[in-house]
Each structure stands twice: as structure tokens, then as C-alpha cells.
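Single-structure report; data block below.
The chains referred to below are lettered A, B, ... by the order of the sequence lines, with proteins before strands, and numbering in each begins at 1.
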Amino acid sequence: MKSFNERCYSLLKKVPRGKVTTYKEIAHALKTRAYQAVGNAMRNNPYSPEVPCHRVVKSEGSIGGFRGEKTGKVISDKISMLRKEGIIIENKKIKNFEKKLFTF
DNA sequence: GGAGTGACTTTTT
DNA sequence: GAAAAAGCCACTC
């Protein structure tokens with residue numbers, strides 16, 4: 001039985017490049033309301049590059065908080081990466097969020 | 001088995 | 001509109 005976390009990772013991997021998803025959607029896809037549990041899974045993030053944690057945002061379209069990989073990384077860098085993938089970030093918020101939102 | 005934590009969400013002040 | 005509090009679920013110690 002895979003842990004709840006691994007399911008989150010699997011779903012995250014399904015997110016195509018240039019799209020984003022929300023913690024809420026993931027939790028809903030898993031038939032649960034463990035929004036924070038999803039965040040927990042991301043925080044553990046055993047799959048650094050395979051799981052695009054930066055593609056997961058809050059329900060409002062804001063970036064939320066990311067840990068980067070080490071203490072030096074900040075959210076700003078992740079935003080740049082998202083922008084490179086085709087996602088427009090404006091003032092820590094995703095532009096055209098609804099269009100970029102990927103649902104399961 | 002119980003208490004604490006968390007990269008959240010929603011409602012209310 | 002922004003900030004704070006409460007609520008919720010799963011994981012870890």
C-alpha cells in the first residue's frame with residue numbers, strides 16, 4: 001500500500017509542462033481534504049526533479065511557499081522557472097491561472 | 001497510541 | 001482588501 005504521499009507525487013508527475021495544479025485539486029483527486037497533507041508530501045519531496053512541486057500552487061493561484069532545495073533557494077527562482085515553462089507570474093500570482101490550471 | 005507539525009483552505013473580523 | 005482564526009487531513013516523532 002503506497003502512502004498518501006506517493007499518490008500525490010504520481011499525480012504531480014501527470015501534470016504536463018506549462019500547466020499547474022492546486023493542492024486542493026490533488027486532495028480532491030485523492031478523495032480527501034488533506035490539503036496540508038499534500039503540502040507535507042511536497043515538503044518531503046523525495047523526488048526532487050521528477051516531482052514538479054513548483055507546479056503546485058494554492059487554490060487562489062498564488063505560489064504559496066516553496067523550500068527550493070536548500071536554504072539558498074527562494075520562491076523567486078521558482079517563479080522564473082515556471083515562467084520559462086509558459087506560466088506567467090505576476091506579483092507572486094499566476095496570470096491566466098484558470099487557463100494554466102490542470103485538473104485530474 | 002498520543003501529541004505535534006505542515007509548501008493549505010475557508011470563513012470571519 | 002488584508003489579516004487573523006478556526007478547521008481539516010495525513011505524516012512524523
Side-chain angles (χ1 to χ4, degrees):
Chain A
M1 180 68 178
K2 294 190 175 221
S3 302
F4 180 87
N5 299 33
E6 297 210 11
R7 300 193 192 198
C8 300
Y9 307 139
S10 299
L11 289 169
L12 222 5
K13 287 189 210 167
K14 288 181 184 176
V15 179
R17 177 166 155 292
K19 289 216 170 182
V20 294
T21 187
T22 67
Y23 295 95
K24 189 167 143 196
E25 282 298 322
I26 294 172
H28 187 262
L30 296 176
K31 307 288 193 299
T32 180
R33 293 177 185 144
Y35 317 110
Q36 289 197 324
V38 177
N40 260 340
M42 300 302 108
R43 174 172 71 75
N44 288 308
N45 195 15
Y47 303 83
S48 349
E50 298 186 50
V51 178
C53 331
H54 56 273
R55 284 186 200 150
V56 185
V57 295
K58 300 215 290 188
S59 61
E60 300 181 53
S62 58
I63 305 301
F66 289 107
R67 261 230 266 167
E69 302 185 4
K70 294 288 187 181
T71 53
K73 288 289 181 190
V74 292
I75 299 176
S76 310
D77 292 345
K78 300 253 174 186
I79 293 175
S80 299
M81 188 162 67
L82 285 168
R83 215 191 246 171
K84 237 181 173 183
E85 301 206 349
I87 299 168
I88 311 300
I89 311 293
E90 192 64 46
N91 202 14
K92 306 291 188 292
K93 302 278 194 291
I94 297 181
K95 201 165 178 126
N96 301 327
F97 174 61
E98 300 179 9
K99 295 189 177 182
K100 304 298 182 188
L101 179 59
F102 175 83
T103 53
F104 305 96

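The hydrophobic cluster containing Met42(A) does not contain Met81(A), counting ILVMFWY residues as joined when their side-chain heavy atoms lie under 4.5 angstrom apart, directly or transitively.
Ile88(A) CD1 to Phe97(A) CZ: the interatomic distance, rounded to the nearest 0.5 Å, is 14.5 Å. Here the CD1 atom belonging to Ile89(A) is positioned 10.0 Å from the NE2 atom belonging to His54(A), to the nearest 0.5 angstrom. How far CD1 of Ile79(A) is from NZ of Lys93(A): 9.5 Å, rounded to the nearest 0.5 Å.
Summarising the geometry, the separation between CD1 on Ile26(A) and C1' on dG6(B) is reported as 15 Å, rounded to the nearest angstrom. Distance, Lys58(A) NZ to dG6(B) P: 15 Å, rounded to whole Å. Look at NZ on Lys92(A): it is 18 Å from P on dA7(B), rounded to the nearest Å. Atom NE2 in His28(A) sits about 16 Å away from atom C1' in dC8(B), given to the nearest Å. As a whole-Å value, the separation of Leu30(A) CG from dC8(B) P is 17 Å.
Map Asn40(A) and Thr22(A) each onto its nearest nucleotide of DNA chain B; the residue landing nearer the 5' end is Asn40(A). For Gln36(A) and Asn44(A), each mapped to the nucleotide of DNA chain C holding its nearest heavy atom, the one lying further toward the 5' end belongs to Gln36(A).
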Would you list the protein and nucleotides 10-13 of chain B atom pairs, both N or O, that sit under 3.5 Å from each other?
| unit_1 | atom_1 | unit_2 | atom_2 | d |
| --- | --- | --- | --- | --- |
| dT10(B) | OP1 | Lys24(A) | NZ | 2.6 |
| dT10(B) | OP2 | Ser59(A) | OG | 3.4 |

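Counting only distance, with no hydrogens or angles, the side chain of Lys58(A) and the backbone of Gly65(A) share no donor-acceptor pair below 3.5 Å.
When side chains are defined from C-beta on, Phe4(A) counts as touching Val38(A), because their heavy atoms get closer than 4.5 Å.
Annotation: proximity of residues 6-13 of chain A to DNA chain B (heavy atom, distance under 4.0 Å) is found for no residue. Within residues 95-102 of chain A, no residue is approached by DNA chain B to less than 4.0 Å at the level of any non-hydrogen atom.
Nearest heavy atom pair, residue Val57(A) against residue Ser62(A), reads CB-O, 3.2 Å.
Residues satisfying the side chain to side chain contact (heavy atoms under 4.5 Å, CB included) criterion with Arg33(A), sequence neighbours excluded, are Tyr35(A). Taking the side-chain hydrogen bond (donor to acceptor under 3.5 Å, both in side chains) definition, one finds that Glu85(A) meets it with Arg55(A), sequence neighbours left out.
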With side-chain contact (heavy atoms from CB on, under 4.5 Å) as the criterion, how do Ile63(A) and Ile94(A) come out once you've worked through the C-alpha distance, each side chain's angles and the decisive distance to 0.1 Å? CA-CA 7 Å; Ile63(A) 305 301; Ile94(A) 297 181; 4.2 Å; yes
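Scanning DNA chain C 5' to 3' for nucleotides with an atom closer than 4.0 angstrom to a non-hydrogen atom of chain A gives a first and last hit of dC9(C) to dC11(C).
Contact annotation for Arg33(A): backbone-only contact, meaning every heavy-atom pair under 4.0 Å involves sugar-phosphate atoms and none involves a base. When heavy atoms are screened at a 4.0 angstrom cut-off, Tyr23(A) is found touching base atoms of the nucleic acid.
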For a quick test of your reading: what N or O donor-acceptor pairs under 3.5 Å do the side chains of residues 6-24 of chain A make, sequence neighbours left out?
| unit_1 | atom_1 | unit_2 | atom_2 | d |
| --- | --- | --- | --- | --- |
| Tyr9(A) | OH | Ala41(A) | O | 2.7 |
| Ser10(A) | OG | Glu6(A) | O | 3.0 |
| Thr21(A) | OG1 | Phe102(A) | O | 3.2 |
| Thr22(A) | OG1 | Glu25(A) | N | 3.1 |

